Participant: 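Below are the structure tokens for one structure; questions will follow.
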Amino acid sequence: MPTDMLGREYETFPVPSPLQQHGPARVIAMCNQKGGVGKTTSSINIAGALSQYGRRCLIVDFDPQGAATVGLGINANTVDNTIYTALFDMRVDVHDVVRRTAFENLDIIPANIDLSAAEVQLVTEVGREQILNSVLRPLRDEYDVIIIDCQPSLGLLTVNALTAADGVIIPVAAEFFALRGVALLMQSIQKVQSRINPNLKVYGVLVTMFTRTLHCEEVMQRIYEAFQDKVFHTVISRSIKLPDSTVAAAPITMYAPNHKTSQEYREVARELVANGVIA
Ligand SMILES: Nc1ncnc2c1ncn2[C@@H]1O[C@H](COP(=O)(O)OP(=O)(O)OP(=O)(O)O)[C@@H](O)[C@H]1O
Ligand SMILES: [Mg+2]
């Protein structure tokens with residue numbers, strides 16, 4: 001039996017069996033208001049790995065920076081329809097906003113800087129927390145997983161993501177300030193649970209940017225004290241191959257399939273299937 005970075009023993013996660021049919025999708029919010037912890041990288045690469053296991057994946061870029069969009073090779077400044085148009089223009093069919101990527105089973109709803117106006121515009125909308133949920137509803141039956149790549153904030157866009165989601169994955173970078181702000185994030189999740197979306201789960205905490213140093217191991221221990229069994233067995237190492245793959249506009253499992261980091265992202269994907277998060 002393998003042992004994880006916390007010394008916990010676990011069963012290896014088997015390669016998922018092929019699906020006979022697709023959908024309804026699990027909707028996952030990739031969420032942490034701390035910037036640069038690996039939300040976008042994990043959205044792209046978990047979806048990338050799952051798509052290679054035959055799961056139909058949709059990434060919703062929910063950050064005006066559009067990093068997930070760019071990271072999958074789409075120039076968001078040249079597309080007419082983005083998540084912004086889907087949110088605010090009732091005439092737009094969400095199917096026309098979805099873009100195929102160069103990769104099988106991997107689609108995206110792009111975002112660009114237009115989305116930065118949404119936070120203010122949402123305030124006066126009817127059912128302002130529920131808009132993303134309604135936008136995504138017609139797509140649920142067509143995918144096995146929908147991953148919402150949140151922006152680093154706890155504003156109304158993120159509340160929309162938590163309202164639309166079945167569960168949250170919290171990427172946490174293995175560094176000194178790892179847990180800063182996490183209490184606030186958990187409060188936001190609890191508020192959404194008690195007021196809007198009682199079924200919202202915390203699927204787990206994904207430790208990223210890990211190096212085998214005493215410092216990282218101490219941080220890892222503190223993350224475990226805070227989240228206990230919610231911490232995924234799989235840990236993502238720090239690797240220059242990840243920014244490289246973003247520049248190459250491909251998930252790492254396609255850019256460098258044999259690299260250690262590809263194995264790690266495939267392992268998280270298998271862990272999610274083994275945990276029953278994804279079919
Ligand atoms: N495991 C890793 N090893 C090395 N670099 C990484 C790793 N994960 C992410 N990065 C790099 O760190 C930077 C931040 O990662 P990413 O954009 O995924 O974080 P984010 O949480 O989405 O950030 P933001 O809050 O700005 O949206 C990027 O340049 C990315 O390529
Ligand atoms: Mg991001």
Side-chain angles (χ1 to χ4, degrees), residues 4-5 28-49 59-74 76 82-83 108-113 115-116 118-119 147-155 157-158 160-162 165 168-182 184-185 188 204-213 215-217 219-220 223 231-256 259-269 271:
D4 70 13
M5 296 294 176
I28 300 175
M30 196 66 71
C31 193
N32 188 340
Q33 82 276 25
K34 195 168 175 343
V37 296
K39 294 181 287 294
T40 302
T41 302
S42 298
S43 299
I44 291 176
N45 291 302
I46 291 175
I59 293 179
V60 180
D61 191 345
F62 216 40
D63 183 345
Q65 300 301 320
T69 303
V70 175
L72 284 171
I74 289 167
T82 62
I83 189 64
I108 184 165
I109 298 185
N112 61 23
I113 199 69
L115 189 63
S116 58
E119 196 82 41
I147 299 183
I148 308 168
D149 179 23
C150 294
Q151 66 176 147
S153 111
L154 290 175
L157 281 177
T158 297
N160 263 268
L162 296 175
V168 190
I169 292 178
I170 306 171
V172 168
E175 62 190 23
F176 189 67
F177 287 121
L179 292 172
R180 179 177 270 194
V182 149
L184 215 55
L185 171 59
S188 291
V205 171
L206 178 64
V207 178
T208 65
M209 304 189 200
F210 184 85
T211 47
R212 273 191 180 273
T213 58
H215 173 68
C216 272
E217 277 160 24
V219 172
M220 187 83 208
I223 295 171
V231 183
F232 288 117
H233 289 293
T234 312
V235 165
I236 308 299
S237 305
R238 185 179 284 279
S239 162
I240 186 68
K241 270 281 189 273
L242 280 169
D244 283 355
S245 69
T246 309
V247 174
I252 184 128
T253 49
M254 298 165 199
Y255 172 73
H259 192 267
K260 180 180 176 211
T261 318
S262 293
Q263 289 167 18
E264 291 167 350
Y265 270 113
R266 277 194 296 268
E267 192 183 8
V268 196
E271 186 166 0

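Remember, it's 1-based here, ligands and their atoms both numbered in the order they're listed. For clarity, every value in this text was computed on a predicted model and none was experimentally measured.
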Participant: So, for A178 and V172, which heavy atoms are closest and what is the spacing to 0.1 Å?
Facilitator: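 Scanning both residues, the minimum pair turns out to be CB-CG1, 3.7 Å.
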
Participant: Assess the side chains of S239 and K260: does a donor N or O sit below 3.5 Å from an acceptor N or O?
Facilitator: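 S239 vs K260: no donor-acceptor pair found between side chains.
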
Participant: Who gets closest to atom 9 (C) of ligand 1 by heavy atom: N32, T41, N45?
Facilitator: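 That would be T41.
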
Participant: Could you pull out, from T208, V37, T40, D63, the option with a heavy atom nearest to atom 17 (O) of ligand 1?
Facilitator: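 The nearest heavy atom belongs to T40.
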
Participant: Would one find an N or O of D149, backbone or side chain, under 3.5 Å from an N or O of ligand 1?
Facilitator: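 No, there is no polar N/O contact under 3.5 Å.
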
Participant: Quick one: does ligand 1 sit under 4.0 Å from the side chain of S237, the backbone, both or neither, non-hydrogen atoms only?
Facilitator: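 Just the backbone.
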
Participant: Testing the basics here: between C31 and V168, what is the closest heavy-atom pair and its distance to 0.1 Å?
Facilitator: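 Where C31 meets V168 most closely, the heavy atoms are CB-CG1, 3.7 Å.
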
Participant: Can an N or O of T246 be found at a distance shorter than 3.5 Å from an N or O of ligand 1?
Facilitator: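 No; every N/O pair is 3.5 Å or more apart.
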
Participant: Is ligand 1 less than 4.0 angstrom away from at least one heavy atom of A67?
Facilitator: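 No, that is not the case, since the closest heavy atom of the residue is not under 4.0 Å from the ligand.
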
Participant: What are the two closest non-hydrogen atoms of C216 and M209, and how far apart are they?
Facilitator: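 Closest approach of C216 to M209, heavy atoms only: SG-O, 4.4 Å.
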
Participant: If you compare all heavy atoms of A111 against all heavy atoms of I83, which two are closest, and at what distance to 0.1 Å?
Facilitator: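 Residues A111 and I83, closest heavy atoms: CB-CG2, 3.9 Å.
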
Participant: Show the nearest heavy-atom pair for residues T158 and S153, with the distance to one decimal.
Facilitator: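 Here T158 and S153 meet closest at OG1-O, 2.7 Å.
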
Participant: Let me check your reading of the structure: within less than 2.8 Å of the Mg ion (ligand 2), is there an N/O/S atom from S43?
Facilitator: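 It does not; every qualifying atom lies at 2.8 Å or beyond.
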
Participant: Please determine, by modelled atom types, if Y265 and T234 share a side-chain donor-acceptor pair under 3.5 angstrom.
Facilitator: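 Side chains of Y265 and T234: no pair found under 3.5 Å.
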
Participant: Taking atom 12 (O) of ligand 1 as the point of reference, which of M209, Q151, K39 owns the nearest heavy atom?
Facilitator: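 Among M209, Q151, K39, the closest heavy atom to atom 12 (O) of ligand 1 belongs to M209.
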
Participant: Does an N or O anywhere in I236 fall below 3.5 Å from an N or O of ligand 1?
Facilitator: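 No, since none of the N or O atoms of I236 sits under 3.5 Å from an N or O of ligand 1.
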
Participant: Hey, which atoms in ligand 1 end up nearer than 4.0 Å to a heavy atom of P243?
Facilitator: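 The list of qualifying atoms is 5 (N), 31 (O).
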
Participant: Between H215 and T213, do the side chains contain an N or O donor and an N or O acceptor separated by less than 3.5 Å?
Facilitator: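 Their side chains do not contain a donor-acceptor pair, so the 3.5 Å distance test is not met.
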
Participant: My question is simple, although I want it checked carefully: is atom 31 (O) of ligand 1 less than 4.0 angstrom from any protein heavy atom?
Facilitator: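 Answer yes: something from the protein, a heavy atom, is under 4.0 Å.
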
Participant: Should C150 be counted as touching ligand 1, given the test is an N or O pair under 3.5 Å?
Facilitator: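 In this structure, C150 places no N or O atom under 3.5 Å from an N or O of ligand 1.
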
Participant: Could you state the interatomic distance from CD1 (I44) to OG1 (T69), rounded to the nearest 0.5 Å?
Facilitator: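 Rounded to the nearest 0.5 Å, the CD1-OG1 separation comes out at 8.5 Å.
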
Participant: Check ligand 1 against G35 and write out every atom of the ligand that is under 4.0 Å from a heavy-atom position of the residue.
Facilitator: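 Ligand 1 atoms under the 4.0 Å threshold to G35: 25 (O).
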
Participant: Which residue, I170, I236, D4, V235, forms the side-chain contact (heavy atoms from CB on, under 4.5 Å) with V207?
Facilitator: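 Looking at I170, I236, D4, V235, the match for V207 under the side-chain contact (heavy atoms from CB on, under 4.5 Å) is V235.
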
Participant: Polar-atom distance check: L242 versus ligand 1, any N or O pair below 3.5 Å?
Facilitator: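 No, L242 has no N/O under 3.5 Å of an N/O on ligand 1.
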
Participant: Tell me whether atom 2 (C) of ligand 1 lies less than 4.0 Å from at least one protein heavy-atom position.
Facilitator: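 When distances to the protein are checked, atom 2 (C) of ligand 1 has a heavy atom within 4.0 Å.
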
